[in-house]
Amino acid sequence: MSELKQSRPKGTQDFVPPDSERRLQVGATFRRLAETYGYRAIITPTFEHTAVFVKSSGETSDIVTKEMYSFKDRAGRDLTLRPEGTPGVVRAVLENQVRMPCRLYYVGPCFRYSRPQKGRYREFGQLGIEALGEAGPLTDAEVIFLGGAFFGSLGISDCRTQVNTIGCRECRPAHRDALRTYLLERREQLCEDCRLRIERNPLRVFDCKVETCRQAARDAPTPRHYVCPACKAHFEQVLANLDRRGLPYDVNDRLVRGLDYYNRTTFEYISASLGAQDSLGGGGRYDYLVEEFGGPATPAIGFALGLDRALLTAPKASVPARRELAFVVWLTEAEIGPAEKLADRLRADGIATQIDYDARKVKGQFKSADAAQAACCIVIGPDELVKGVYSLKNLATGEQREVPADAITAEVRKLFTEQDSRGLVPGTLES
RNA sequence: GUGAGUGUAGCUCAAUUGGUUAGAGUACCUGACUGUGGCUCAGGAUGUUGUGGGUUCGAUUCCCAUCACUCACCCCA
């Protein structure tokens with residue numbers, strides 16, 4: 001293996017065909033689905049002022065304390081590659097005074113500085129939606145359902161949906177106090193991290209995987225048992241609606257999520273086939289965030305799904321044997337001109353067309369066509385020029401026949417659809 | 001940030017207790033086929049064994065360091 005001077009930075013990925021196409025397709029599936037539910041695209045910068053993330057994700061969150069790609073630009077501004085999508089969206093909505101309520105979706109890269117492993121990269125793709133200005137539980141259920149529908153449309157069958165409620169401003173303090181008291185009584189059993197969490201964010205103890213902490217947390221007061229009547233009713237309606245829609249879910253008392261800004265409904269999609277990083281995505285309600293950004297009090301809910309993890313979990317569609325690509329083959333240099341002209345004509349007609357200008361022999365051109373997975377070759381030789389025809393060869397079946405020059409576009413189209421219907425081009429990812 | 005494992009041809013992997021010329025499949029190139037790919041047959045090319053040190057008469061094999069990748073902790077997408 002010869003030494004490459006440059007290799008990709010740790011935790012980043014290259015996508016070469018056909019993986020690149022598959023990845024784009026997943027994004028396209030998401031876009032289409034989101035649009036089906038009335039969401040519209042929002043595009044925000046890949047980096048923001050660092051304060052945007054510190055303020056929204058929480059100063060004590062792991063993302064902010066140790067996972068951000070932060071840097072100073074040449075004018076000394078403090079900037080950060082976005083570790084998640086929501087803060088930038090909220091900032092942009094306020095900055096542009098987008099009329100609310102509004103439903104927005106985004107697809108794009110996010111960055112976190114953590115040690116890479118299966119399903120976890122330093123640059124990763126997120127697919128997200130944010131519904132701003134909708135307060136009701138039916139929105140929560142619809143959002144949760146939409147995420148489930150997305151994984152379903154990718155053919156992911158082992159996705160489980162977990163939901164929980166963590167209460168609101170009114171009921172959270174009561175629970176927090178109860179939890180703190182409970183944890184302080186069992187301080188000895190807790191790991192170092194969890195002892196710190198008691199003061200900073202006791203909810204996180206529920207997330208801890210240390211066995212003694214799990215035991216200690218088993219009977220700890222959960223948020224759900226302390227929620228106020230309003231939150232309780234809200235959650236019950238969310239669940240009732242999920243039932244009505246037929247989306248299976250598990251209520252998970254310990255599901256609290258890593259971002260500080262959530263309230264009431266939280267949810268997460270889990271896959272068994274992902275390994276340690278088993279979360280396909282998650283989200284929740286964040287009714288206070290817009291206000292904290294200096295905007296008007298605005299209820300909101302959203303989710304972020306992992307593009308890479310979706311790709312990892314989704315069954316691999318068989319790679320198409322043939323692409324809708326025509327390949328023009330010339331015999332002698334005298335035909336290069338006509339070949340080029342024909343290719344341009346086909347392209348103008350919307351047919352992807354390629355020529356091998358470099359291959360000296362016909363055989364080499366056919367090999368190129370085969371390697372490119374072209375559906376057909378169109379041969380131009382001295383004979384064809386005299387007769388005013390092209391020889392059209394179907395590379396899947398091997399049949400070749402002469403077609404009149406002015407019928408070539410129609411014939412190629414016909415050949416494409418014939419290959420499709422004969423199943424020579426297996427279905428793509430979405431079907 | 002912590003731990004473990006793995007680095008041999010473009011790819012997937014071999015190489016007996018350290019033994020001299022590092023192999024196979026596949027992919028690639030050429031020819032059989034001078035206007036035709038995919039099949040078949042016959043040939044061909046390819047490696048500083050990740051890198052740098054060390055032990056040894058001799059290292060792909062053992063030791064140390066380093067880099068990269070992978071998995072896990074952590075965290076989450």
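Numbered from 1 within each chain, the chains take letters A, B, ... in sequence-line order.
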Inset, instruction - Could you measure between the two C1' atoms, the one in C62(B) and the one in A45(B), and give it in whole Å? - result: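 Approximately 34 Å lies between the C1' atom of C62(B) and that of A45(B).
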Inset, instruction - For G58(B) and A72(B), measure between their P atoms and round to the nearest Å. - result: 43 Å
Inset, instruction - Go through the N and O atoms of the side chain of Lys393(A) and the base of U36(B), and report whether any donor-acceptor pair is under 3.5 Å. - result: yes
Legend entry - Any N/O donor-acceptor pair, Arg120(A) side-chain to C71(B) base, under 3.5 Å: no
Inset, instruction - Report yes if a side-chain nitrogen or oxygen of Gln277(A) is closer than 4.0 Å to either non-bridging phosphate oxygen (OP1 or OP2) of C76(B); otherwise report no. - result: no
Inset, instruction - Assess the side chains of Gln13(A) and Asp308(A): does a donor N or O sit below 3.5 Å from an acceptor N or O? - result: yes
Inset, instruction - Compare the ring of Phe124(A) with the six-membered ring in the base of A77(B) and state whether they stack (centres under 5.5 Å, planes under 30°). - result: yes
Inset, instruction - Give me the ring orientation class for Tyr37(A) and Phe145(A): parallel if the planes are under 30° apart, tilted from 30 to 60°, perpendicular past 60°. - result: tilted
Legend entry - Pairing partner of C28(B) (Watson-Crick or G-U wobble, both distances under 3.5 Å):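 Its partner is G44(B) (Watson-Crick or G-U wobble, both distances under 3.5 Å).
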Legend entry - Check: Tyr182(A) and Asp219(A) side chains under 4.5 Å, non-hydrogen atoms: yes
Inset, instruction - Calculate the interatomic distance between Leu392(A) atom CG and U36(B) atom C1'; express it in whole Å. - result: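 Roughly 13 Å, once rounded to whole Å.
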Legend entry - Pair Glu292(A) + Lys55(A): basic N to acidic O under 4.0 Å: no
